[in-house]
Amino acid sequence: MRANERIALVGHGCVLVPYLKRHVEHYNKWMQSPELLEMTASEPLTLEEEYEMQESWRVDENKCTFIILAKESPEQVITAKNALSQSDVNLFFNDHDDPHSAEIEIMIAEPSYRRKGLGLEALRMMMTYAHQSLGTKRITSKISTENKGSIQLFLTQLGFVQISFSEIFGEVTLERVLTPKDDASKTDLTTHAQFTTLELDAEQLDH
C-alpha cells in the first residue's frame, strides 16, 4: 500500500516497517515451512515469485503490510544491520460494500518469539494505525478453530467478538468495531498502542 511504503511504527518491543526487497529472501525461506503454509493457507513460491509478490503488495491499495522487527530491549535502535525480522502483520480491504472495513492477519514466523507479547503489541499498533491513519472503522479476523490461543487473544485482549462460525472451513470470524470513543480514550489499550511514526529516507528504502 502506498500509504505505508515510507513509514515505520516504533513501539516498545517491536518496530513495524514496510515490506522491502531486503526482506524477501528471508520471507521466502519462512514460507517454505509446511507449518506456516498451513497456518496461512498459502502455497510455496519461488524466490522470483516472492519478489514479484513484494512489488505487487507495495502498490496494492487494498493491502497494507508491515514486517515486524523484534527489539531486544526497549532502548534498542533498529537499523538495517541489526534488524531481526520475525513476522508480518497485514490488513486486507476487500469488503466492497464497506471501504472502512478491513481484515487483519498476523504471522509470528519464528517459534522462539511466540507467546512473548510481540504479536499482541504488533496487532495493537496495526489497529491503531488503521483507525487513525487509514480511517478504518471495523476490523475482522478469521481464525482456525484449532488456534484457540489466538482466538482467546482477540476476544480477551483486543476486544473482538465472534460474529460467525464456518464448520466447512473450521474457522471463526471475529469483529471489532472502532468508534469515535476509541479516538478520545488513549488509555484504551485494547485498541491503542504507544508508538512513534517515523518517515523513512531514501537510504532506508530499497523498494
Side-chain angles (χ1 to χ4, degrees), residues 1-11 13-72 76-94 102-114 116-127 129-130 133-134 136 141-144 147 150 193 195-207:
M1 178 178 278
R2 296 286 190 183
N4 80 312
E5 68 173 343
R6 294 181 177 273
I7 65 168
L9 309 181
V10 182
C14 66
V15 179
L16 307 187
V17 299
Y19 183 26
L20 302 173
K21 287 181 180 178
R22 73 170 69 108
H23 302 128
V24 171
E25 188 172 349
H26 194 179
Y27 192 93
N28 183 251
K29 288 179 180 178
W30 286 344
M31 297 310 294
Q32 304 308 309
S33 161
E35 178 193 9
L36 293 181
L37 290 171
E38 182 178 357
M39 285 172 55
T40 58
S42 302
E43 295 293 330
L45 300 179
T46 65
L47 186 58
E48 181 180 358
E49 289 171 332
E50 200 74 66
Y51 275 108
E52 293 173 355
M53 184 72 73
Q54 180 269 335
E55 176 60 19
S56 71
W57 287 359
R58 184 177 72 85
V59 299
D60 188 344
E61 293 305 317
N62 293 321
K63 181 179 177 67
C64 180
T65 295
F66 282 106
I67 295 293
I68 306 171
L69 308 180
K71 295 169 70 175
E72 296 304 295
Q76 182 187 13
V77 177
I78 292 290
T79 68
K81 293 182 179 180
N82 69 2
L84 301 173
S85 53
Q86 308 300 347
S87 334
D88 69 341
V89 60
N90 307 281
L91 288 172
F92 302 95
F93 293 87
N94 295 326
E103 181 181 343
I104 197 167
E105 210 177 69
I106 190 168
M107 174 182 72
I108 305 297
E110 301 289 348
S112 61
Y113 280 84
R114 295 173 189 167
K116 293 186 176 181
L118 184 71
L120 178 59
E121 181 178 16
L123 285 165
R124 286 173 170 167
M125 290 167 66
M126 182 61 123
M127 291 171 63
Y129 171 75
S133 300
L134 303 179
T136 308
S141 182
K142 295 179 181 179
I143 305 175
S144 166
N147 194 347
S150 289
F195 61 85
T196 302
T197 301
L198 298 180
E199 290 284 341
L200 302 177
D201 58 37
E203 293 184 358
Q204 297 169 298
L205 298 170
D206 62 5
H207 295 319

Chemist: Not counting sequence neighbours, which residues clear salt bridge (charged side-chain N to carboxylate O under 4.0 Å, His left out) with E35? List them please.
Modeler: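 E35 satisfies salt bridge (charged side-chain N to carboxylate O under 4.0 Å, His left out) with R114 once adjacent residues are dropped.
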
Chemist: My understanding is that only residues two or more places apart in sequence, or in another chain, count here; which of them pass side chain to side chain contact (heavy atoms under 4.5 Å, CB included) with E43?
Modeler: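 Checked E43 against side chain to side chain contact (heavy atoms under 4.5 Å, CB included); zero matches.
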
Chemist: Which value, rounded to the nearest 0.5 Å, describes the distance between L118 atom CG and S87 atom OG?
Modeler: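 The OG atom of S87 is 5.0 Å from CG of L118, to the nearest 0.5 Å.
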
Chemist: Please check if the number of heavy atoms outside E25 that lie under 6.0 Å from its CD is greater than 12.
Modeler: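 At most 12 heavy atoms, drawn from other residues, nucleotides or ligands, come within 6.0 Å of this atom.
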
Chemist: Do other residues, nucleotides or ligands put more than 12 heavy atoms under 6.0 Å from the CD atom of E48?
Modeler: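 Counting neighbours around CD of E48, 12 or fewer heavy atoms of other residues, nucleotides or ligands fall under 6.0 Å, so no.
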
Chemist: Rounded at 0.5 Å granularity, tell me how far CG in L20 sits from CZ in R58.
Modeler: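 It is 9.5 Å, given to the nearest 0.5 Å.
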
Chemist: Decide yes or no for F93 and T136: does some side-chain heavy atom of the first lie under 4.5 Å from some side-chain heavy atom of the second?
Modeler: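 In contact.
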
Chemist: For L45, does its backbone N or O pair with a side-chain atom of N28 as donor and acceptor, under 3.5 Å?
Modeler: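 Yes; judged by distance alone, with no hydrogens or angles, the pair exists.
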
Chemist: With the side chain counted from C-beta on, respond yes when K63 and S56 share a heavy-atom pair under 4.5 Å apart, and no when they do not.
Modeler: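 Side-chain contact under 4.5 Å: no.
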
Chemist: So V15 and F66, do their side chains get closer than 4.5 Å, heavy atoms only?
Modeler: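 No, their side chains stay 4.5 Å or more apart.
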
Chemist: Is R124 close to E121 at the side-chain level, that is, under 4.5 Å between some pair of heavy atoms?
Modeler: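 No. Closest side-chain heavy atoms not under 4.5 Å.
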
Chemist: Of all residues at least two apart in sequence or in a different chain, which pass the side chain to side chain contact (heavy atoms under 4.5 Å, CB included) check with K142?
Modeler: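 Listed in chain order: E103, E171, T173.
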
Chemist: Do M1 and L91 have side chains that get closer than 4.5 Å, going by heavy atoms?
Modeler: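 Side chain of M1 against side chain of L91, heavy atoms only: no contact under 4.5 Å found.
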
Chemist: Distance from I106 atom CD1 to M126 atom CE, nearest 0.5 Å?
Modeler: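 If we round to the nearest 0.5 Å, I106:CD1 and M126:CE are 9.0 Å apart.
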
Chemist: In Å and rounded to the nearest 0.5 Å, what is the OG1 to CG distance from T65 to L16?
Modeler: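 Output value for this atom pair is 11.0 Å.
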
Chemist: Do M31 and M53 come close enough that some side-chain heavy atom pair is under 4.5 Å?
Modeler: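 They are not in side-chain contact.
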
Chemist: Can a side-chain donor-acceptor contact be found between Y27 and D88 if the only test is distance below 3.5 angstrom?
Modeler: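 Yes, Y27 and D88 have a side-chain donor paired with an acceptor closer than 3.5 Å.
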
Chemist: Please find the pair of heavy atoms, one from A8 and one from V17, that lie closest to each other, and give the distance.
Modeler: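 Smallest heavy-atom distance, with atoms named: CB-CG1, 4.0 Å.
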
Chemist: On a heavy-atom basis, which atom in M125 and which in G11 lie closest, and how many Å separate them?
Modeler: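 Between these two residues, the closest heavy atoms are CE-N, 3.6 Å.
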
Chemist: What closest approach, in Å, do I68 and A122 show between heavy atoms, and which atom pair accounts for it?
Modeler: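 Shortest heavy-atom contact: CD1-CB, 3.6 Å.
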
Chemist: If you round to the nearest 0.5 Å, how far is CD1 of I7 from OH of Y129?
Modeler: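 Going from OH on Y129 over to CD1 on I7, the span is 3.5 Å.
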
Chemist: Are any of the side-chain heavy atoms of N62 and F92 separated by less than 4.5 Å?
Modeler: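 Contact flag for N62/F92 side chains = no.
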
Chemist: Check whether any side-chain heavy atom of S141 lies under 4.5 Å from a side-chain heavy atom of L123, and answer yes or no.
Modeler: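 No; the side chains remain at least 4.5 Å from each other.
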
Chemist: Can you say whether the rings of Y19 and H23 are parallel (under 30°), tilted (30 to 60°) or perpendicular (over 60°)?
Modeler: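 Taking H23 first and then Y19, their aromatic rings lie parallel (interplane angle under 30°).
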
Chemist: Out of curiosity, T46 OG1 to Q32 CD, how far, rounded to the nearest 0.5 Å?
Modeler: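 Rounded to the nearest 0.5 Å, the OG1-CD separation comes to 9.0 Å.
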
